[in-house]
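In what follows, a structure is listed as structure tokens, so that the remarks can point back to it.
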Amino acid sequence: MADDDRTPPTAEAARAATEGTGHDALLRNDLPLALYVDMLRNRRIEEEIARRYGDQEMRCPVHLSVGQEAVSAGVCLALERQDQIVSTHRAHAHYLSKGGDLKAMLAEFHGKASGCCGGRGGSMHIFDVPAGVLLSLPIVGSGIPVATGAALAMKQRGEPQVAVAFLGDAAVEEGVFHEAANFAAVHRLPVIFVCENNLYSVYTPLKVRQPDLPLERLGRCHGIASVTADGNDAEAVFSLTRAAVDRARAGEGPSFLVFDTYRWLEHCGPNYDNDIGYRTQAEFETWRERDPVGLMAAKLQRQGLLDAGRQSELLASIDAEINEAFRFALASPLPEPGEVALYA
Amino acid sequence: MADDDRTPPTAEAARAATEGTGHDALLRNDLPLALYVDMLRNRRIEEEIARRYGDQEMRCPVHLSVGQEAVSAGVCLALERQDQIVSTHRAHAHYLSKGGDLKAMLAEFHGKASGCCGGRGGSMHIFDVPAGVLLSLPIVGSGIPVATGAALAMKQRGEPQVAVAFLGDAAVEEGVFHEAANFAAVHRLPVIFVCENNLYSVYTPLKVRQPDLPLERLGRCHGIASVTADGNDAEAVFSLTRAAVDRARAGEGPSFLVFDTYRWLEHCGPNYDNDIGYRTQAEFETWRERDPVGLMAAKLQRQGLLDAGRQSELLASIDAEINEAFRFALASPLPEPGEVALYA
Amino acid sequence: MREPASAPRRLTAAAAILEATAQCMQADARVYMMGEGVADPKGIFGTTLGLVERFGPERVIEMPVAENGLTGIAIGSALMGQRPIMVHQRVDFALLAVEQLLNNAAKTHFVTNGVHKVPLTVRMIIGRGWGQGPEHSQVFDSVFAHAPGLKVVMPSTPYEAKGMMVAAVRDDNPVIVLEHRWMHYAEGDVPEALYETPLTGPARVRSGDEVTVVASSFALLEAIEAADHMAAAGVGCDLFDLRVVRPLDLTSIIASVRRTGRLVIIDTGWKLFGVGAEIAAQVTEACFDQLKCAPVRLGLPDQPTPSSRGLARSFYPNGQILAETVAKMIPDAAHRLAEPIKALEALRLRVPVDVPNPAFRGPF
Amino acid sequence: MREPASAPRRLTAAAAILEATAQCMQADARVYMMGEGVADPKGIFGTTLGLVERFGPERVIEMPVAENGLTGIAIGSALMGQRPIMVHQRVDFALLAVEQLLNNAAKTHFVTNGVHKVPLTVRMIIGRGWGQGPEHSQVFDSVFAHAPGLKVVMPSTPYEAKGMMVAAVRDDNPVIVLEHRWMHYAEGDVPEALYETPLTGPARVRSGDEVTVVASSFALLEAIEAADHMAAAGVGCDLFDLRVVRPLDLTSIIASVRRTGRLVIIDTGWKLFGVGAEIAAQVTEACFDQLKCAPVRLGLPDQPTPSSRGLARSFYPNGQILAETVAKMIPDAAHRLAEPIKALEALRLRVPVDVPNPAFRGPF
Ligand SMILES: Cc1ncc(C[n+]2csc(CCOP(=O)(O)OP(=O)(O)O)c2C)c(N)n1
Ligand SMILES: Cc1ncc(C[n+]2csc(CCOP(=O)(O)OP(=O)(O)O)c2C)c(N)n1
Ligand SMILES: [Mg+2]
Ligand SMILES: [Mg+2]
């Protein structure tokens, strides 16, 4: 990423963030630390968005991924830059883990001309072509066939790329999921359907929306290799994704990966909302104990790969990047009304 | 059916057709013969439609069910009059087996004011309220949620009715099938999804449209009791449907029944079309040897329930009914243009 | 239209819709509700709060995210005599259900020669605000209005929101209720009794002789402000709330234009191929000889809705633009309207373009 | 518009579309086709026959019946640089794909600030015939035209069908091609070379001074017949093929109305909220002072399409009705047009209302 001043993609960011700290050699091939740095960075970014949301400078809905960082990290670090992801309304972490430009993302949330969509889309449409973030789409399920179509193009052109459709546990209820999955299966497309099961669709629990059966079944019924794993374990996510990527590149067709996880904050917006009654504090606490970032930190500490000094260096470096990106977003001008007419 | 001059529903028609022939007592509880008469009657009706189609008096598309008669017979004879069916573009046999008025159907095909839709719908919208033929819909998959919704109403009102959605092997490719099936499963609705697998969607074989897996999987993945059977064996169809009906009435929820069968004639229209290249004559012959009507006739003969005399009596009675219905359709006036404005 | 018996109270339109729904459900056991969020703690912008507690989850059905299927299910139940109210948090989500709506809901009464009825009400939230962007802000009034067999209504005030909601639920065939998100915040007098306002024809909300103005949904609230300012300056607007987009009954508007000779229509959605085109065309046909100038349409420019408040600044018609438009249509009005235009501009600048009121703080 | 080099031959529009597709696929490996029936023995009314044999099943993809999903898939592939042609045997089936079309296809170029392009062509067969009934006969031109970001074209002749098809495939953003079933049978001169006709603006097909007539799709074929009969009787129609519903460029039509002072528009679909309303409104705005009477719109009545030929008898506008309409608009024309009206009526009665030509025998 020497060609411009964009934020580097995550795997590189992980390295960059640790550069000059004396640990380089150790980290170079250190997946757990890379996963950790990616998650920590996303956590800090989302927390900072939440903290600043009340300033009313980010005047669009935000769907934060706090608590779900292991999925984006594990999936996206298993991909190459030229692989494509299509995300949803809850797009920030996917975009960032895949290497999307932090400045362009925050500027977009601020409605600025320097935003990745030039202010046209807001938080639910973020994309980054060089990073392989093809599109994010706010209509539930709508991106699933789009990712599948990207995979069709890859197959038609004989390129060894892979496409990933991120989706929530609600998106499989949309018929379009099945339509895309069936087509992907018939044509053995290099697409991975990543279902982040956080148990809720807005405030509606899974159990009133679907029969009490493993989500996996919905990939398997289309003859798609399907598997479920702990979505708060970034290494598990990474290794299942890597296997799916290998299968896809080998022409063995699509996969359906279900990762169980939990959204900590409200569906849309910056707050904790365990008080409003759709889920229990106890349920929330159970999941918070399984904090993907904390679990990984503990593991790295046990393995001697992380200590307090290292942690504060990381935080300092990440926070500096975040502050700089917010400065950029705030300083950027709003787009001029006339510009809205540009399109053909 | 003493209250009007409508064609009697099939179970009754079966009895009526055999009334006064000296076999009443024998037939009263004789399911195989009732199934046979229903199938034979549908076969003759479809053949007569095909024979007369070239007259250009039925000026709308017709999707004939010749070869598939065992499904409509087995399913509809397992239902009560107040149960509701929703059919598809290939609706004739379903409508007739459920007791739909033959005259009103043929008049509709002829575009007449006396048609069941008053000429508004043509062959793909036939319905009959007293017979429980709620609707037929020509958009593939479109009727599946409609039947499911009828079942929801039945459940909400606590009435012991059952709704049946007829669908083809292509309709399960429409996402709406999954949307309806999921909802039916969650709410344990008294709906039966009857999938008539005739191996083709228009001219496109199943194998290029879906992975090579039993269709049954697509009900099972939603936690729906799912089963496959020989769709040319009317008794098998009947008994599986009866079991599903019993489950539905007992509040045990939906079923997905797959019946393998074969369409003899072209997708739409009166002709054989094995010559145009989308399927082989050999495939067709295999299925024609398993003619559902012929198989049942042979069985009845073996059991001594049918002989040549009985057969010709049946045919005479059926053909008289058919001729009378065509006479009615042809003699009925076309609707007047002004009438098109009626609706609110 | 029945005269409401009880005394009015001030309610928001959201509260009025909630009350209408509760009363309909109370009065008729066949009425039930289905939608993503109808039973959740936010209750569709407050319009369904408490219903599940009162009527139970069998009648307030929290649905899987499956708009097309659930619409078909609602239709099937309606054919059996139930009276479903289906809710979409955004009209944009209802795009998935267009086949069911434009075919089965719209056509079944027709195609069954009047035998079947489809007493279905579909609420769809429309419109702008808080950077929602291009896919959470659309309107599509003219799309639904293009389909014979649907009724399409757009309430603009709490009074109408309740009355039309009741009328929609009681209607024997499908009614699409397009509710502007920001209309939910509007306050007004609402009788407590169960009453309905008819799903036919526009309503005159201000009288005047110089120009006929037709506005619907949220645009009406801005038009009222503008009309009042213009009236104070001696320019009388005959202002109509369109209310019912289909069946479109322009009798009263045509009578008005025969008198004023001038017509302005404000679309809530895109101007191009919008509702205003149909109104302009019909009114021109009906009163060509009385027209002093061509009817003018205001509406959204020919672009998807941008998220950024920077881009949204010039995206929406508003009271100021309406007054400026009128000023150009009436030979001597520019002078008379200079003050009102300034006042309307000042009012407009008091509230950012992306919120309905200064208290609004997002996130949706 | 590039001048075609080769000599024209007579082709049906169906053959012209087939040729355009084959040439585009030959010229550009990124072009592929997807649809229910594209590889079957009937080949979408003959418009795709032989393509699968020539280009293989990877580029002529027979699809599962899943319009919404497959449209999204086409869009995804287009984002990656492929150039899909998606085909729907009836526009009615495409209703299932409206979310993908109106959101992702239409808005992606806009929302990505011009970075992404969606070079997608979607063919949809529209229109009447042989008792198809209300759900196999719709048009929806104004619905698709309402969405910024789509182009919507309606070819009327074999020449245009080929040229517009090529232009659609070469266009970098989504183009909806609405093809009338009966237009497929029309014959005309079609150059063999690969040529495109631009996706902008209407085309004048007959010149005249007394009335401007705008027709699109199959309506044009009837309008030509009527215009020729009227011309023979001394009533000159300035007849335009609308061609492109979006982007709607009425410059030439406005110039014409400035001269004739009269406008008739024939919609292929429903008149209410149809394309004609937008044209009438824009033309009235642009040439109010030159208009001698209000623009008149013809189109389908406000009802679903009935199946029966009995009901269809009065359902469609036709050449006779067009001439009768013109006769009423021009003070002295009733007399002059009496003969042409009779001749057009005789022509109309020669072919039943439910077939495109006497040879047509169903079943679809
Ligand atoms: C078609 C459609 N219906 C409804 C919505 C409103 N909506 C936005 S997010 C969401 C929940 C999605 O849940 P899930 O897929 O599990 O993702 P999560 O929010 O849990 O990450 C819903 C229903 C929408 N955006 N699109
Ligand atoms: C949504 C939709 N897409 C396409 C069609 C065109 N079409 C009519 S029947 C048919 C095949 C349906 O196959 P299947 O469901 O197996 O029923 P079958 O004709 O074999 O009885 C198709 C694709 C349609 N009517 N609706
Ligand atoms: Mg979720
Ligand atoms: Mg089939």
Side-chain angles (χ1 to χ4, degrees), chain B residues 53-54 56 58-63 89 108-113 115 117-125 137-142 168 170-176 201-205 208-210 266-271 273 275-278 333-343, chain D residues 35-44 52-53 57 61-70 72 89-90 92-97 99 129-138 300-316 352-355 358 360-364:
Chain B
Y53 196 72
Q56 310 250 318
M58 289 176 274
R59 300 173 79 88
C60 65
V62 288
H63 300 80
H89 57 287
E108 186 62 31
F109 297 180
H110 285 75
K112 299 305 179 69
C117 307
R120 293 170 175 213
S123 82
M124 300 190 288
H125 287 275
L137 293 169
I139 304 295
V140 169
S142 192
V172 295
E173 296 155 13
E174 292 284 3
V176 76
S201 167
V202 191
Y203 308 110
T204 309
V208 311
R209 296 163 11 228
Q210 296 180 35
E266 58 189 337
H267 166 70
C268 178
N271 302 307
D273 70 351
D275 53 315
I276 66 173
Y278 69 101
L334 285 170
E336 285 304 310
E339 294 170 19
V340 81
L342 161 78
Y343 89 94
Chain D
E36 190 280 304
V38 291
D40 82 16
K42 298 286 170 83
I44 316 278
V52 68
E53 290 78 5
I61 303 176
E62 194 54 72
M63 66 174 233
V65 186
E67 288 77 5
N68 193 32
L70 273 287
Q89 300 230 21
R90 295 283 187 292
D92 316 69
F93 311 158
L95 290 182
L96 289 160
E99 194 282 308
W130 200 254
Q132 297 281 321
E135 297 180 7
H136 275 57
S137 59
Q138 298 175 86
L300 304 190
D302 196 27
Q303 302 290 336
T305 314
S307 171
S308 166
R309 65 195 182 285
L311 298 168
R313 262 178 286 171
S314 67
F315 201 73
Y316 300 101
V353 66
D354 56 356
V355 296
F360 189 94
R361 301 182 68 79
F364 55 78

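Reminder, nothing fancy here: chain letters follow the sequence lines and each chain counts from 1. Values below: every heavy atom of this structure, side chains too, minus hydrogens, waters and symmetry copies.
For the pair D/Lys42 and B/Glu266, the minimum side-chain heavy-atom distance is below 4.5 Å. The shortest side-chain heavy-atom distance between B/His125 and D/Glu135 falls under the 4.5 Å cut-off. Contact annotation: the side chain of B/Lys112 never approaches that of D/Ser308 to less than 4.5 Å [non-hydrogen atoms, C-beta and beyond]. Counting heavy atoms from C-beta on, the side chains of D/Arg313 and B/Leu334 come closer than 4.5 Å. Within the 4.5 Å cutoff, the side chain of B/Arg59 has heavy atoms near those of the D/Pro352 side chain. Between D/His136 and B/Met124 the shortest side-chain heavy-atom distance falls below 4.5 Å.
Heavy atoms only, all atoms of each residue included: D/Leu311 and B/Gly118 are closest at CD1-O, 3.8 Å. Between D/Ser314 and B/Pro337 the shortest heavy-atom distance is OG-CB, 3.1 Å. D/Pro363 and B/Cys268 make their closest contact through CG-O, 3.4 Å (heavy atoms, listed as atom of the first residue, atom of the second, distance).
Contact count versus chain B (heavy atoms, under 4.5 Å) is highest, among D/Ala39, D/Gly37, D/Pro57, D/Gly131, for D/Gly131. The choice from D/Ala312, D/Ala66, D/Gly69 that makes the most heavy-atom pairs within less than 4.5 Å of chain B is D/Ala66. Of the listed residues D/Glu67, D/Arg90, D/Met63, the one with more heavy-atom pairs under 4.5 angstrom with chain B than any other is D/Glu67. Among D/Gly133, D/Gly129, D/Pro134, the residue with the largest count of heavy-atom pairs under 4.5 Å with chain B is D/Pro134. Across B/Arg209, B/His110, B/Glu174, the residue that shares the most heavy-atom pairs under 4.5 angstrom with chain D is B/Glu174. Contact tally against chain D (heavy-atom pairs below 4.5 Å) for B/Ala171, B/Cys117, B/Cys60: the top residue is B/Cys60. Of the residues considered (B/Pro61, B/Gly269, B/Gly111), B/Pro61 shows the highest number of contacts with chain D, using heavy-atom pairs under 4.5 Å. Taking chain D as the reference chain and counting heavy-atom pairs below 4.5 Å, the highest number among B/Val202, B/Asp273, B/Leu137, B/Val140 is found for B/Val202.
In terms of modelled atom types and a separation under 3.5 Å, the side chain of D/Arg361 and the main chain of B/Gly54 share a donor-acceptor contact.
Interface residue D/Leu96: only side-chain heavy atoms are found under 4.5 Å from chain B. With a 4.5 Å cut-off on non-hydrogen atoms, D/Asp354 touches chain B through its side chain but not through its backbone. Contacts between D/Glu36 and chain B at a heavy-atom distance below 4.5 Å involve the side chain alone, from C-beta outward. Contacts of B/Phe109 with chain D are absent, with no heavy-atom separation under 4.5 Å from either backbone or side chain.
Here the CZ atom belonging to D/Phe360 is positioned 9.0 Å from the CD atom belonging to B/Gln56, to the nearest 0.5 angstrom. Note that CZ of B/Arg120 is 12.0 Å distant from OG1 of D/Thr305, once rounded to the nearest 0.5 Å.
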